[in-house]
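Predicted model only: the values in this text are computed from it and were never measured. In the text below, chain A, chain B and the rest are named by the order of the sequence lines, each starting its count at 1.
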Amino acid sequence: MPIASLTTGVIARIMHGEDVIQPVLQILGIKRINTNTDQERYRLLMSDGKYYNSYAMLASQLNEMQHRGLLNENTIVRLEKYMTSMVGKEGSGKRVLIVTELTVLNSGEEVKTKIGDPVTYENAAKQDTVTKATPAASAPLKKEQSYNNNNNNNNNNTMNSTMNSTLSASLTHPIASLSPYQNKWVIKARVTSKTAIRTWSNARGEGKLFSMDLMDESGEIRATAFKEQCDKFYDLIEVDNVYFFSKCQLKPANKQYSQLKNDYEMTFTGETMVQLCDDEDNGGIPEIKFDLIPISQVSNMENKESVDTIGICKEVGELQTFTSRTTNKEFKKRELTLVDTSNAAVTLTLWGDEAVNFDGHVQPVILVKGSRINEFNGGKSLSMGGGSILKINPDIPEAHKLRGWFDNGGGDNISTMVSARTGGGSFSTDWVTLKDARIRNLGSGDKPDYFQCKAVVHIVKQENAFYKACPQADCNKKVVDEGNGHYRCERCNAAFPNFKYRLLINMSIGDWTSNRWVTCFSEIGEQLLKHSSQEVGEALENDPATAEKMFSDINFSSYIFKLRCKNEMYGDMTRNKLTVQSMSPINYKEYNKHLIKELKEMTGIGPAN
DNA sequence: CCCCCCCC
């Protein structure tokens with residue numbers, strides 16, 4: 001079948017409101033739209049060879065054609081029936097093409113390629129005479145809130161008005177459709193978060209930046225403004241406002257640093273335009289959503305998960321300043337204690353200026369979105385991070401309810417300390433026998449498993465029980481003996497005349513079910529051998545008789561071992577590794593309690609407790 | 001072009 005000719009230029013006529021009979025168009029793309037409902041909807045990218053239009057939708061009765069693969073890329077279709085519809089409130093100017101009946105003239109496989117070199121209709125519209133009358137008048141604009149980056153100050157008014165009409169009269173694109181391969185777009189998006197201005201200085205240079213998260217009905221994206229753009233746009237951008245954005249550069253998002261659901265992120269450029277969108281033109285852009293979780297439930301969530309919650313700031317800590325050991329950067333933080341009607345308390349850490357400026361003495365209501373869970377020793381706390389937002393005394397019903405609850409003594413009976421660390425507390429660790437640890441495949445998950453058992457020390461290996469480590473206080477890395485009286489640490493990138501001994505001991509322990517080799521480090525090793533790492537290391541190197549006594553003295557003694565269990569890769573081998581977290585003398589009262597409980601469970605005799 | 005938010 002011969003390839004049908006497209007009705008060149010017809011998209012401009014249709015979008016202008018003209019009723020064109022049976023236009024022939026090419027499908028350049030089709031994708032499912034994320035709707036708030038579960039409704040299945042497809043958006044089409046249609047071309048007439050001269051223009052294309054991404055604001056076209058498939059009426060749902062035609063979804064079946066897409067299911068059958070009839071509407072693939074490059075397919076040429078004839079629109080038998082269609083309608084255009086103005087979307088948004090009066091005057092906001094979005095005409096959507098809805099296709100209700102179509103005939104496939106040539107399949108995508110047959111056509112193989114895009115016909116012509118179409119440009120966006122909306123972009124061409126402002127030069128094209130046929131579209132001189134725009135579909136609808138644009139909403140009134142606030143001139144002072146318009147920005148562009150063309151630094152021709154003499155012409156500011158002219159340019160602002162030009163840009164106003166450009167941005168607002170344009171048909172906007174969904175965030176989900178943005179890609180580096182297409183830069184003629186305008187998005188209308190709500191700012192859901194905004195970072196403080198941050199400076200950096202590294203080998204590649206220095207500068208400042210801030211970033212923001214944007215959202216529309218289709219998705220979300222992170223945008224960053226550097227240097228000049230940082231200064232230019234920082235004050236304009238406010239969380240919760242909706243703006244038009246155009247001419248940002250798109251690049252693949254580094255998933256390591258972003259939890260947003262988008263493969264790309266944007267960078268502001270010298271061409272970038274940002275314009276506030278009036279409230280009356282905000283239709284279709286969702287509000288920021290808070291998935292408020294009772295504080296007590298944070299206990300049940302995973303480490304690093306994102307949390308939205310609301311609570312009363314019952315206590316506020318002092319501002320703390322410290323220097324990061326890894327980056328040598330100075331940080332300021334402040335810890336708040338939030339409580340809510342679940343009678344639970346959790347720590348929330350604020351950073352930087354937010355920490356400095358926070359006044360908690362009035363015990364305000366604190367709403368936090370996108371805070372991150374930090375788990376330590378079984379306790380979970382929340383921390384502000386990129387993308388998190390904090391609201392103090394927000395005017396929402398939940399906040400008023402909390403206020404009333406707290407002011408009437410509601411916070412006096414907090415029973416769950418979500419951030420409390422269980423540390424060495426024995427109650428938090430399961431009792432598991434060495435055999436059961438194998439049977440249950442402990443350690444095979446992403447995270448290590450922890451358990452405790454009563455076991456006897458069979459033998460402690462002297463071989464490789466110590467290593468020479470970097471003498472720096474916070475570095476335990478093994479040093480390289482350079483043979484000239486110097487010891488080199490790769491991590492500190494320095495050579496030292498001395499080193500410290502560290503222990504890395506393997507020993508065999510056994511309970512009544514099985515035995516295993518376990519590893520322990522200096523702190524446990526010192527407790528086990530009752531000598532400092534230095535003494536143990538020296539004895540092993542210079543005094544075998546003393547070392548032998550140290551190591552054999554503890555054979556056949558019993559302890560409660562707390563063990564960390566994790567599969568580790570050695571080359572292409574996976575080995576299940578047990579590391580001693582702690583070992584303590586047996587507290588028979590507590591251990592017997594455990595045994596009695598197990599007996600009751602096994603026999604079904606007596607109360608379960 | 002950042003990507004740091006520690007420590008226990």
Side-chain angles (χ1 to χ4, degrees), chain A residues 180 193-213 221-234 248-260 262-272 303-307 317-336 346-358 368-390 417-425 428 472-476 521 523 581-582:
Chain A
S193 73
K194 168 191 174 185
T195 70
I197 292 177
R198 189 170 76 234
T199 57
W200 85 89
S201 175
N202 60 29
R204 274 181 279 180
E206 55 184 40
K208 56 166 118 170
L209 70 116
F210 81 102
S211 61
M212 70 214 86
D213 292 344
I221 193 164
R222 158 75 49 92
T224 305
F226 290 95
K227 300 175 183 175
E228 297 83 7
Q229 283 79 254
C230 174
D231 288 335
K232 181 153 210 147
F233 293 109
Y234 188 78
C248 299
Q249 183 185 73
L250 276 112
K251 59 175 188 177
N254 190 335
K255 289 291 179 186
Q256 193 185 338
Y257 304 119
S258 169
Q259 54 295 329
L260 290 189
N262 201 316
D263 290 338
Y264 302 110
E265 60 184 35
M266 319 201 302
T267 304
F268 281 21
T269 71
E271 307 288 296
T272 293
N303 193 21
K304 303 301 170 197
E305 250 189 286
S306 171
V307 173
E318 294 297 311
L319 184 73
Q320 292 171 260
T321 304
F322 66 92
T323 305
S324 163
R325 201 175 286 172
T326 42
T327 61
N328 271 333
K329 276 192 182 177
E330 194 183 87
F331 288 98
K332 294 195 175 83
K333 73 162 188 184
R334 191 192 295 273
E335 290 184 348
L336 319 183
V346 70
T347 300
L348 170 69
T349 306
L350 312 187
W351 299 90
D353 284 345
E354 206 162 47
V356 173
N357 300 329
F358 185 79
V368 64
K369 180 177 171 61
S371 69
R372 295 244 290 172
I373 295 183
N374 270 315
E375 186 172 5
F376 180 70
N377 273 355
K380 291 186 174 112
S381 57
L382 304 178
S383 179
M384 299 295 286
S388 305
I389 51 182
L390 186 83
M417 299 295 177
V418 172
S419 305
R421 294 155 191 175
T422 51
S428 66
Q472 297 286 89
D474 299 314
C475 183
N476 292 325
F521 294 101
E523 293 67 26
Q581 300 293 111
S582 77

- Message: With a cut-off of less than 4.0 Å, is there a side-chain N or O of A/Arg198 near OP1 or OP2 of B/dC3?
- Response: yes

- Report the distance from atom CE of A/Met212 to atom P of B/dC3, rounded to the nearest whole Å. 16 Å

- Test applied, side-chain contact (heavy atoms from CB on, under 4.5 Å); reference residue, A/Ser211; option that passes from A/Arg198, A/Arg222, A/Met266: A/Arg222

- Message: Does A/Arg372 reach a base, just sugar-phosphate, or nothing at all? Heavy atoms under 4.0 Å.
- Response: nothing

- Message: For a quick check, tell me whether the side chain of A/Glu265 and the base of B/dC3 share a donor-acceptor pair closer than 3.5 Å.
- Response: yes

- Note on the structure: Closest to the side chain of A/Arg421, out of B/dC4, B/dC8, B/dC2, is B/dC8

- Message: Within the 3.5 Å criterion, strictly below it, is a donor on A/Asp213 or A/Ser193 matched to an acceptor on the partner's side chain?
- Response: yes

- Task: State whether A/Lys329 places a side-chain N or O below 4.0 Å from either non-bridging phosphate oxygen (OP1 or OP2) of B/dC3.
- Result: yes

- Task: Would you mind reading off the distance between A/Glu523 atom CD and B/dC8 atom C1', rounded to a whole angstrom?
- Result: 14 Å

- For A/Gly386, which contact category applies under a 4.0 Å heavy-atom criterion: base, sugar-phosphate, or nothing? base

- Given atom NZ of A/Lys255 and atom P of B/dC2, what is their separation to the nearest angstrom? 20 Å

- Task: Look at A/Asn202 and B/dC2 and indicate whether a side-chain polar atom (N or O) is within less than 4.0 Å of OP1 or OP2.
- Result: yes

- Value in whole Å for how far the C1' atom of B/dC3 lies from OH of A/Tyr264: 20 Å

- Message: Taking the six-membered ring of A/Phe268 as reference, does the cationic atom of A/Lys227 (NZ for Lys, CZ for Arg) lie under 6.0 Å from its centre and within 45° of its axis?
- Response: no

- Item | Evaluation steps, salt bridge (charged side-chain N to carboxylate O under 4.0 Å, His left out), between A/Asp263 and A/Lys255 | CA-CA 8 Å; A/Asp263 290 338; A/Lys255 289 291 179 186; 3.8 Å; yes

- Considering heavy-atom distances to DNA chain B, does A/Phe268 or A/Asn374 have its closest nucleotide positioned more toward the 5' end? A/Phe268

- Query: Can you check the A/Leu382 CG to B/dC5 C1' distance for me, whole Å?
  - Reply: 14 Å

- Task: Take atom CE of A/Met384 and atom P of B/dC3, then tell me their distance rounded to the nearest Å.
- Result: 18 Å

- Using the closest heavy atom to pick a nucleotide of DNA chain B for each, name whichever of A/Gln249 or A/Thr323 lands nearer the 5' end. A/Gln249

- Step through the shown structure and confirm whether more than 12 heavy atoms of other residues, nucleotides or ligands are within 6.0 Å of CD on A/Glu318. no

- With centres under 5.5 Å and planes under 30° as the test, does A/Phe322 stack with B/dC7? no

- Separation of A/Leu350 atom CG from B/dC4 atom C1', in whole Å? 17 Å

- Message: If stacking means aromatic ring centre less than 5.5 angstrom from the base's six-membered ring centre, planes under 30°, is A/Trp351 stacked on B/dC5?
- Response: no

- Query: How long is the line joining CD of A/Glu335 and P of B/dC8, in whole Å?
  - Reply: 14 Å

